[in-house]
Amino acid sequence: MVKIAPSILSSDFSRLAEEIQAVVEAGADLLHVDVMDGHFVPNLTFGPPVIKAIRKVTDVPFDVHLMIDNPDQYLEDYAQAGADYIGVHVEVCPHLNRTLTRIAELGKKPVAVLNPHTPLCSIENVLDLISMVLVMSVNPGFGGQKFIPSSVDKVAELHAMISRRGLDVPIQVDGGIQADTIGQVAAAGARVFVSGSGVFGHASGYKAAMDEMRERAREYVRHSG
Ligand code: DX5
Ligand code: ZN
């Protein structure tokens, strides 16, 4: 019911394969892979060749978060590299319906991603096409930023919108998620939690980090009824 997706952005890139093995052994449900192009976001990470290389390390699904301009041009490359989920930012998709449909045609799970300022109505008419909605709880581009508190209400509104439509689309949150922030977004209806520094930077190790977050999220879900 609660899924944790460690973001490898906060891992030690000089030991990427070992880091991935370690979070998988520690119980990662998905592996969150942050692709940045230095244009859509002011930071640059990696692309298809690196994803293809790390695909050999684990069978855990890859949740590829494309923080790039013009994602349509590269969908096939990321599909071939081994993505399972492909997330596109609605801010750079003028033909969002077409983009999400194309991801599904490539045999991958389409994810619509919303920046903190982007209204929920931008995805209202594509909810039936997507496997997950990602609500950014920081402005994308960097790990280790502070959770934006208004994300909680946004998740709650999105949850209500999805329920009204009788759909069952999971809500994912990304940015500043750790033991002290996960509970409120879980109570609001999020079920998939990306965490970079909250996992890789935890003083007691990856398993302790994920167990603690999972437990905290479940507690809040139970109490929210
Ligand atoms: C931010 C990325 C996140 C990032 C989260 O642009 O999309 O996935 O890795 O890192 P933390 O959990 O440290 O905020
Ligand atoms: Zn991300």
Side-chain angles (χ1 to χ4, degrees), residues 2-13 16 19-20 23 26 28-47 50-51 54 60-69 71 74 78 83-93 109-118 130-152 154-155 170-186 190-203 205-206 208-210 212-214 216-217:
V2 166
K3 289 188 175 167
I4 309 284
S7 163
I8 57 169
L9 182 64
S10 296
S11 70
D12 177 351
F13 286 170
L16 194 48
E19 291 275 74
I20 291 169
V23 281
D29 297 291
L30 299 172
L31 206 69
H32 187 79
V33 180
D34 285 309
V35 175
M36 304 187 187
D37 67 351
H39 292 272
F40 176 64
V41 289
N43 196 4
L44 192 65
T45 54
F46 38 70
V50 171
I51 295 175
I54 59 174
V60 165
F62 279 10
D63 168 32
V64 176
H65 177 189
L66 295 181
M67 285 163 276
I68 63 175
D69 280 340
Y74 304 100
Y78 286 98
D84 295 284
Y85 292 81
I86 299 183
V88 289
H89 271 265
V90 306
E91 300 84 11
V92 287
C93 294
K109 295 187 166 76
V111 180
V113 191
L114 302 171
N115 268 340
H117 75 282
T118 304
I130 53 187
S131 299
M132 192 155 70
V133 183
L134 170 49
V135 173
M136 289 307 299
S137 41
V138 295
N139 289 295
F142 304 94
Q145 301 183 83
K146 206 171 158 311
F147 177 80
I148 298 174
S150 60
S151 317
V152 177
K154 192 173 185 182
V155 167
I171 302 173
Q172 179 180 37
V173 281
D174 180 8
I177 299 295
Q178 39 197 5
D180 63 343
T181 50
I182 196 167
Q184 12 174 359
V185 269
R191 291 295 176 268
V192 186
F193 303 92
V194 176
S195 182
S197 49
V199 172
F200 288 98
H202 197 283
Y206 306 160
M210 282 191 271
E212 190 185 5
M213 277 191 265
R214 222 187 294 273
R216 202 61 74 82

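Every number for a ligand or one of its atoms is a count from 1 in the order of the listing.
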Test side-chain contact (heavy atoms from CB on, under 4.5 Å) on H202 and M210 and set out the steps. CA-CA 9 Å; H202 197 283; M210 282 191 271; over 6 Å; no
F200 vs Y206, ring pair (Phe, Tyr, Trp, His ring centres under 6.0 Å): CA-CA, chis, key distance, verdict: CA-CA 6 Å; F200 288 98; Y206 306 160; 5.0 Å; yes
Let's go through D174 and I177 carefully: what are the C-alpha distance in whole Å and the side-chain angles of both, what is the deciding distance for side-chain contact (heavy atoms from CB on, under 4.5 Å) to 0.1 Å, and is it a yes or a no? CA-CA 7 Å; D174 180 8; I177 299 295; over 6 Å; no
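The aromatic rings of H89 and F40 lie tilted to each other, with the angle between the two planes from 30° to 60°.
With hydrogens and angles left out, the side-chain atoms of H117 and E91 include no donor and acceptor closer than 3.5 Å. No side-chain donor-acceptor contact under 3.5 Å links T45 and D34.
At distances below 3.5 Å, at least one donor-acceptor pair connects side-chain atoms of T181 with backbone N or O atoms of G176.
The number of protein N, O or S atoms lying under 2.8 Å from the Zn ion (ligand 2) is 4.
Ion pairing of D63 with K3 is absent here, as no side-chain N (NZ or NE/NH1/NH2) approaches a carboxylate O to less than 4.0 Å.
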Could you check ligand 1 for N or O atoms lying under 3.5 Å from protein N or O atoms and list the pairs with distances?
| residue | atom | partner | partner atom | Å |
| --- | --- | --- | --- | --- |
| ligand 1 | 6 (O) | G141 | N | 2.7 |
| ligand 1 | 7 (O) | D34 | OD1 | 3.0 |
| ligand 1 | 7 (O) | H65 | ND1 | 3.3 |
| ligand 1 | 7 (O) | D174 | OD2 | 2.9 |
| ligand 1 | 8 (O) | H32 | NE2 | 3.3 |
| ligand 1 | 8 (O) | D34 | OD1 | 3.1 |
| ligand 1 | 8 (O) | D34 | OD2 | 2.8 |
| ligand 1 | 8 (O) | D174 | OD1 | 2.7 |
| ligand 1 | 8 (O) | D174 | OD2 | 3.0 |
| ligand 1 | 9 (O) | S7 | OG | 2.8 |
| ligand 1 | 9 (O) | D34 | OD2 | 3.0 |
| ligand 1 | 12 (O) | G196 | N | 2.7 |
| ligand 1 | 13 (O) | G144 | N | 2.8 |
| ligand 1 | 13 (O) | S197 | N | 2.9 |
| ligand 1 | 13 (O) | S197 | OG | 2.5 |
| ligand 1 | 14 (O) | G176 | N | 2.8 |

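Looking at V64 and V35, their side chains come closer than 4.5 Å, going by heavy atoms from C-beta outward.
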